[in-house]
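Notes to accompany the following structure.
Counting starts at 1 for both ligands and their atoms, following the listed order.
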Amino acid sequence: TGSSRPQRMLKAVQKNATKGDPKSVISAIDSYCRHKEWAMNVGDDKGLILDSVLTEVNPSTALELGTYCGYSSVRIARLLSPDSKLITIEFNPAFAIIARQIIAYAGLQDKVTLVEGASGDLIPKMKEQFGIKSFDFVFLDHWKDRYVPDTKLLEDCGLLKKGTVLLADNVICPGAPEYLQYVRNNPRYESRYYPSNLEYTKVEDGLEKSVFLG
Ligand SMILES: Cc1cc(-c2n[nH]c(CCNC(=O)c3cc(-c4ccc(F)cc4)cc(O)c3O)n2)ccn1
Ligand SMILES: [Mg+2]
């Protein structure tokens, strides 16, 4: 049995990036996925939009749904203030193993808590298990058909507060049409679409930013 795509991505980071340097980890992954083999990281184009929204929000507590190999965990954690934290949820143990190593290689393990499991099971445990009152920022990048149920779950668990920013990847490709419908027609959200392209391709995609109004 050969290596997996995530394992080859980790090898590329260990070969081409500098330990403790998040920027070099991001570039190593982007270069590998653009020139060697595609992978479902948010990527460098949408990554710039993610960076700008994060800089604007400057979250103390951030949640990521869908870690994959940790590319966006590194993008997010590198921009957090000293005492701020990121909790990231990954469903697939094979992805989680790689993500932990990539996050550690970037030197960001103290800012990131990776939790393995399904979003629907873990979101209701956030308060009791991680002492979270509410999230300032949520990056939705997991199964596209979970965007709506998990947003409703975050609301019902009291994990959103006035001003919480939700940023959703892939609203065009693979697409999250029900989610766009939900946040754009809901008076409790102020939404805006940021056009871009599917990671490492010319295919149209984009991010939807939605501010929870309380
Ligand atoms: C239920 C639950 C689930 C999770 C969870 N953890 N990891 C993920 C990964 C989800 N991501 C994607 O499927 C994804 C796909 C594409 C894509 C693929 C093929 C194409 F042809 C074009 C585009 C592009 C992307 O940018 C994506 O993000 N989900 C975590 C917790 N709980
Ligand atoms: Mg994505």
Side-chain angles (χ1 to χ4, degrees), residues 4-10 26 29-30 32-34 36-51 53-54 62-77 86-103 112-126 129-130 132 135 137-154 156-157 159 165-180 183 193-210:
S4 69
R5 187 176 311 217
Q7 283 169 327
R8 293 191 292 272
M9 200 187 303
L10 172 60
I26 292 165
I29 293 173
D30 283 332
Y32 182 76
C33 294
R34 191 172 283 282
K36 296 288 186 320
E37 60 179 330
W38 186 91
M40 58 181 170
N41 316 116
V42 72
D44 41 359
D45 297 334
K46 289 184 289 180
L48 288 173
I49 301 166
L50 172 60
D51 290 356
V53 172
L54 271 165
L63 172 66
E64 176 181 58
L65 302 175
T67 316
Y68 185 42
C69 294
Y71 172 90
S72 41
S73 307
V74 169
R75 276 207 92 108
I76 293 166
L86 169 67
I87 295 180
T88 183
I89 302 180
E90 177 49 53
F91 179 74
N92 182 326
F95 294 169
I97 288 174
I98 300 297
R100 287 188 202 285
Q101 294 175 77
I102 287 177
I103 291 161
V112 182
T113 304
L114 196 162
V115 197
E116 285 180 51
S119 49
D121 299 335
L122 290 168
I123 286 169
K125 295 177 181 162
M126 282 293 138
Q129 273 200 359
F130 303 98
I132 303 291
F135 290 108
F137 177 83
V138 182
F139 184 50
L140 295 93
D141 193 21
H142 60 327
W143 296 348
K144 311 313 162 193
D145 61 356
R146 289 295 313 177
Y147 283 19
V148 172
D150 287 342
T151 298
K152 289 178 174 171
L153 195 53
L154 286 164
D156 298 345
C157 294
L159 285 164
V165 170
L166 305 186
L167 190 65
D169 190 26
N170 312 115
V171 294
I172 306 298
C173 177
E178 306 85 358
Y179 178 76
L180 288 181
V183 288
Y193 176 62
Y194 292 79
S196 186
N197 48 277
L198 178 69
E199 47 267 25
Y200 318 116
T201 77
K202 289 188 165 51
V203 174
E204 187 192 348
D205 189 21
L207 302 172
E208 185 82 359
K209 177 190 165 193
S210 306

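Side-chain atoms of W38 never come within 3.5 Å of backbone atoms of T201 as a donor-acceptor pair (strictly under, hydrogens ignored). Judged by distance alone, the side chain of N170 and the main-chain N or O of C173 form a donor-acceptor pair under 3.5 Å. A donor-acceptor contact shorter than 3.5 Å links the side chain of Y147 to the backbone of L140. Side chain of K209 to main chain of L207: no donor-acceptor pair is present (N/O by atom type, distance under 3.5 Å, no hydrogens or angles).
Side chain to side chain, N197 and K202 fail the donor-acceptor criterion of an N or O pair below 3.5 Å.
Protein residues with a heavy atom closer than 4.0 Å to ligand 1 are W38, M40, G66, I89, E90, F91, G117, A118, S119, D141, H142, W143, K144, D169, N170, P174, L198, E199, listed by chain and number.
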- [ ] Evaluate side-chain hydrogen bond (donor to acceptor under 3.5 Å, both in side chains) for S119 paired with D150, printing each intermediate quantity in order.
- [x] CA-CA 7 Å; S119 49; D150 287 342; 2.5 Å; yes
message = For R75 and E64: C-alpha separation, side-chain torsions, deciding distance, then whether salt bridge (Lys or Arg N to Asp or Glu O under 4.0 Å) applies.
response = CA-CA 11 Å; R75 276 207 92 108; E64 176 181 58; over 6 Å; no
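Distances from the Mg ion (ligand 2) show that S72 has no N/O/S atom below 2.8 Å.
When the Mg ion (ligand 2) is compared with the N/O/S atoms of D169, atom OD2 turns out nearest. Restricting D141 to its N, O or S atoms, the one at the least distance from the Mg ion (ligand 2) is OD1.
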